[in-house]
Number of protein chains: 2
Amino acid sequence: MVEYTLSLDSIFSSLADPIRRDILKRVTERELNISDIAMPYPISLAAISKHLKILERAQLIIKRKQGKEQFVTISPVALKHAGDYIDQYASLWDERFDRLESLLKKGEK
Amino acid sequence: MVEYTLSLDSIFSSLADPIRRDILKRVTERELNISDIAMPYPISLAAISKHLKILERAQLIIKRKQGKEQFVTISPVALKHAGDYIDQYASLWDERFDRLESLLKKGEK
DNA sequence: TGTATATTCAACCATATGGTTAAATGTTAT
DNA sequence: ATAACATTTAACCATATGGTTGAATATACA
């Protein structure tokens with residue numbers, strides 16, 4: 001059974017780990033099999049397998065089985081969901097940064 | 001001592017908790033003191049205090065002491081950092097969604 | 001000065017997380 | 001049929017997380 005609902009809990013906790021963010025970046029550039037994904041990290045394949053399961057649950061990646069190996073790509077839906085969440089706050093920071101900028105300009109004079 | 005570097009680890013793990021996301025939303029709307037923040041949740045004040053410490057470490061909120069109470073506001077820097085991270089992927093999902101859309105249009109005909 | 005109010009700290013507990021190693025599974029090649 | 005390869009599962013361990021309660025601290029008020 002797979003979890004189908006996009007949950008901010010699982011998306012953000014996936015993104016909270018640097019190895020998982022790095023994997024995400026690499027499978028964005030090109031589709032990779034799991035052994036290739038594991039290569040750069042000084043941890044076991046079993047540990048990588050767990051990281052991938054977490055990313056998959058959060059719907060940040062997609063696995064495609066092909067023969068004895070498996071290929072992984074990014075799946076942008078969950079990231080978009082996180083982006084939409086954060087964008088709710090965008091107007092807020094724009095406003096604040098504008099205010100900061102105008103303060104700095106005053107200082108220049 | 002306070003942590004000064006904006007870390008995606010601490011920002012995303014802060015955002016991974018629904019209570020913390022809810023607090024963030026509420027202190028965006030208006031500045032609140034800690035007792036007011038705690039009110040809606042069925043957990044102890046001590047637990048809320050811990051959540052606030054986590055949000056503060058991640059630089060998602062700012063605390064302002066005033067007499068015996070403390071007021072909390074959002075601090076958009078960390079959120080902006082998270083937004084920038086996610087935006088790296090924006091072109092990617094736009095592209096994919098465009099492709100999806102054109103596929104759907106073909107289906108209409 | 002003493003007491004009430006606001007918040008944090010300390011000690012503790014249960015469960016989650018991120019890692020390990022060894023065994024199990026499924027697929028391809030000999 | 002068997003061996004090699006790719007990956008997952010199981011059992012385990014140490015540390016982190018999110019909660020609790022009770023005591024401690026700091027400020028305001030009578």
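Just so it is clear: chains get the letters A, B, ... in the order the sequence lines come, proteins before strands, and each one is counted from 1. Here the structure is a predicted model, which is why all the values come from computation and not from measurement.
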Residues in salt bridge (Lys or Arg N to Asp or Glu O under 4.0 Å) contact with Arg20(A), at least two apart in sequence or another chain:
none
Numerically ordered, the residues 25-47 of chain B set in heavy-atom contact under 4.0 Å with DNA chain C is Asn33(B), Ile34(B), Ser35(B), Leu45(B), Ala46(B)
Sugar-phosphate only, base, or nothing, as touched by Lys63(B) at under 4.0 Å among non-hydrogen atoms
sugar-phosphate
Atom CZ of Arg57(A) and atom C1' of dA16(C): how far apart are they, to the nearest Å?
13 Å
Output the rounded distance in Å from CG (Asp17(A)) to P (dT17(D)).
12 Å
Checking dT8(C), dG18(C), dT5(C) against the side chain of Lys68(B) (C-beta onward), the nearest is dT5(C)
Rounded to the nearest 0.5 Å, how far does CG of Leu92(A) lie from CD of Glu29(B)?
11.0 Å
Once you round it to whole Å, what is the distance between P of dA10(D) and NZ of Lys53(A)?
9 Å
Give the rounded distance in Å between these two atoms: CD of Glu69(A) and P of dA6(D).
7 Å
Between atom CG in Asp9(A) and atom C1' in dT17(D), what is the gap in whole Å?
14 Å
Flag the pair Arg21(B) / Asp9(A) as yes when at least one side-chain heavy-atom distance between them is below 4.5 Å, and no otherwise.
yes
Mark yes or no for whether Ser49(A), through its side chain, and Leu45(A), through its backbone, hold a donor-acceptor pair below 3.5 Å.
no
Ignoring hydrogens and angles, tell me if any N or O in the side chain of Thr28(A) forms a donor-acceptor pair with the backbone of Leu24(A) under 3.5 Å.
yes
So what does Ile48(A) touch, heavy atoms closer than 4.0 Å: a base, only the sugar-phosphate, or nothing?
nothing
When rounded to whole Å, the CG to C1' distance for the pair Leu52(B) and dG18(D) reads 14 Å
Taking for each residue the nucleotide of DNA chain D with the nearest heavy atom, is it Gln66(B) or Phe71(A) whose nucleotide lies nearer the 5' end?
Phe71(A)
Nearest to the side chain of Lys50(A), heavy atoms from C-beta on, is which of dT8(C), dT20(C), dG18(D)?
dT20(C)
For the residue pair Arg57(A) and Gln59(A), confirm or rule out a side-chain donor-acceptor distance under 3.5 Å.
no
Just how far, in rounded Å, is P of dT27(C) from CD of Gln70(A)?
10 Å
Rounded to the Å, how far apart are His51(A) NE2 and dT9(D) C1'?
17 Å
d(Ile74(A) CD1, Lys25(A) NZ) to nearest 0.5 Å is 12.0 Å
